[in-house]
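Letters go in sequence order (proteins before strands), and every chain restarts at 1. Computed from a predicted structure; not experimentally measured.
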Protein chains: 2
Amino acid sequence: MRENKSLYALLGILMFGPHTGYDIKQRIEQRLSHFWHESYGQIYPNLKRLVELGWATLTDELVSGRSRKIYTITKLGQIKFHEWMNQPLSPPSPEKNEMLLRLYFGQNQSIEENRQLIRNYREQMEEIRSVFHTIQNQLGVAEGEPAYGRMTLGFGMHVVEAITNWCLEQEIYLEKFNHGQ
Amino acid sequence: MRENKSLYALLGILMFGPHTGYDIKQRIEQRLSHFWHESYGQIYPNLKRLVELGWATLTDELVSGRSRKIYTITKLGQIKFHEWMNQPLSPPSPEKNEMLLRLYFGQNQSIEENRQLIRNYREQMEEIRSVFHTIQNQLGVAEGEPAYGRMTLGFGMHVVEAITNWCLEQEIYLEKFNHGQ
DNA sequence: GAGTACATGTAAAACGTTACATGATTGC
DNA sequence: GCAATCATGTAACGTTTTACATGTACTC
């Protein structure tokens, strides 16, 4: 049986307070999107499972005629959450990267095509960077305690910047080959 | 219908010449492991599919009593390979990162626990870095054309270094909080 | 009245890993 | 003889996305 990470992601969000499935989806999209995502097809069945496991409770509320199913974490859920938080990180297996896969097969393409591939990728990185800046500006400031949200965003910034630099280096490298080494 | 990237990964490897399923698995593990991976459960069924699609042919060979099923790319396969190589890159959706997920939930932990999380992650990065160095030393040199394998490895190096730096910065940042801002 | 956001869910398909099964050859 | 490597594959299971279905409330 594999560790179901989605279950713990939901649990972690419920640690901030009661949420509906819809709320959770919104929150993940708005604040965790640079390192996490869940679809409704994952969220609703997993919330149901959380209740079955006794890790959360479900209450029905009627807010202005509209029914909302509110999930609240239980004591047991909190225990399970802390267990997960303190268990060793699983060793990171490198992600699949389609751009690198194509680049690896680069001798089947022209040098100019490979350079274009890298340039396109760099442009994608620049878009991501601007999204990160937008998120950064929306981030609040909590005095006296570490800004965890800001830290996770900083991670993305560092990585995107490193990739951008790598792209620029490779573009120059390939450029030289195009003009006869 | 989702794009089956595995199919194109196999096709790309067949562009280097005929391979068996076993060969392909070896090659991916040894040379593409920093940005790609495939299990036998993907490779063998997809090779079968490649033949069904007419993108590869299968020949049985007996090498010293041992039977080997050798897959060779067809003309159609080469066309499909080039189509894929030249189609626009799909926009990169950020990967799930369990360390960042846990860090995001950091206010439920002590500052020291969060610092430990980041330190552990940094140690994992350092292991990866040393694996990359090993791979780098095994890489051959092809004069006169761009070293695509080396370029893909450089990508990993840049990213790992950026992450390591980020970790160090965050460790210092949290350290300060521990000693009263 | 129409469109957007709120709100919940399921079913099918696709994607991917792991464990298992099988058997030959090579090197010690 | 035994272990490691070569070699091929499947079945079960788990994960994840996508498309669909349904209905309310709010704003223009």
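Distance CG (B:N46) to C1' (C:dG16): 10 Å, rounded to an integer number of Å. For B:Y44 and C:dA19, the OH to P distance is 18 Å, given to the nearest whole Å. The nearest whole Å value for the distance from the CG atom in A:L10 to the C1' atom in C:dG9 is 15 Å. Atom CZ in A:R49 sits roughly 17 Å away from atom P in C:dG9 (whole-Å rounding). The nearest whole Å value for the distance from the CD1 atom in A:I43 to the C1' atom in C:dT8 is 11 Å. Distance CD (A:E61) to P (C:dA7): 11 Å, rounded to an integer number of Å. Regarding B:L62, its CG atom lies at a distance of 12 Å from the P atom of D:dA7, rounded to whole Å. The distance from atom CD of B:E98 to atom P of D:dT15 is 13 Å, rounded to the nearest whole Å.
Under the 3.5 Å distance criterion, the side-chain polar atoms of A:T152 are left unmatched by any main-chain donor or acceptor of B:L100.
Residue B:K69 places at least one side-chain N or O closer than 4.0 Å to OP1 or OP2 of D:dG9. Between B:K48 and D:dT8 there is no side-chain polar atom (N or O) within less than 4.0 angstrom of OP1 or OP2. Between A:S6 and the phosphate of D:dT15, there is no side-chain N or O to OP1/OP2 separation shorter than 4.0 Å.
Sequence neighbours left out, the pairs with a member in residues 4-33 of chain B that pass salt bridge (Lys or Arg N to Asp or Glu O under 4.0 Å) are A:E98-B:K5, B:D23-B:R68, B:K25-B:E29. Applying the salt bridge (Lys or Arg N to Asp or Glu O under 4.0 Å) definition to pairs two or more places apart or across chains, those involving residues 77-94 of chain B are B:K80-B:E83.
When each of C:dG9, D:dT10, C:dC15 is scored by its nearest atom to the side-chain atoms of A:Y71, the top-ranked nucleotide is C:dG9.
Applying the salt bridge (Lys or Arg N to Asp or Glu O under 4.0 Å) rule to A:K48 yields no partners; only residues at least two apart in sequence or on another chain are considered. Residues passing the salt bridge (Lys or Arg N to Asp or Glu O under 4.0 Å) test with A:R119 are A:E112, sequence neighbours excluded. For B:E38, the salt bridge (Lys or Arg N to Asp or Glu O under 4.0 Å) partners are A:K96, not counting sequence neighbours. In this structure, A:K69 has no salt bridge (Lys or Arg N to Asp or Glu O under 4.0 Å) partners at least two apart in sequence or on a different chain. Contacts of B:Y148 classified as ring-ring contact (aromatic ring centres under 6.0 Å, His included), with partners at least two apart in sequence or in another chain: none.
A side-chain N or O of B:N86 and one of A:Q109 form a donor-acceptor pair less than 3.5 Å apart.
Comparing the local axis fitted to the first five base pairs of the helix from C:dG1-D:dC28 to C:dC28-D:dG1 with the one fitted to its last five gives a bend of 30°, rounded to 10°.
Heavy-atom nearest nucleotides on DNA chain D were determined for B:S67 and for A:K5, and the one closer to the 5' end corresponds to B:S67.
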Taking N or O atoms only and anything under 3.5 Å, show me the protein contacts with nucleotides 23-26 of chain C, one pair per line.
| unit_1 | atom_1 | unit_2 | atom_2 | d |
| --- | --- | --- | --- | --- |
| C:dT25 | O4' | B:R66 | NH2 | 3.4 |

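A heavy atom lying under 4.0 Å from DNA chain C marks the following residues of residues 20-42 of chain B, by number: B:H37, B:S39, B:G41, B:Q42.
For the pair B:I111 and B:L174, the tightest heavy-atom approach, listed with the atom from each and the gap, is CG2-O, 3.5 Å.
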Per-pair distances, 0.1 Å, donor-acceptor, side chain in residues 123-136 of chain A, under 3.5 Å, sequence neighbours excluded:
| unit_1 | atom_1 | unit_2 | atom_2 | d |
| --- | --- | --- | --- | --- |
| A:S130 | OG | A:E127 | O | 3.0 |
| A:T134 | OG1 | A:S130 | O | 2.9 |

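Clustering of Ile, Leu, Val, Met, Phe, Trp and Tyr side chains at separations under 4.5 Å places A:Y22 together with A:Y40, A:Y44.
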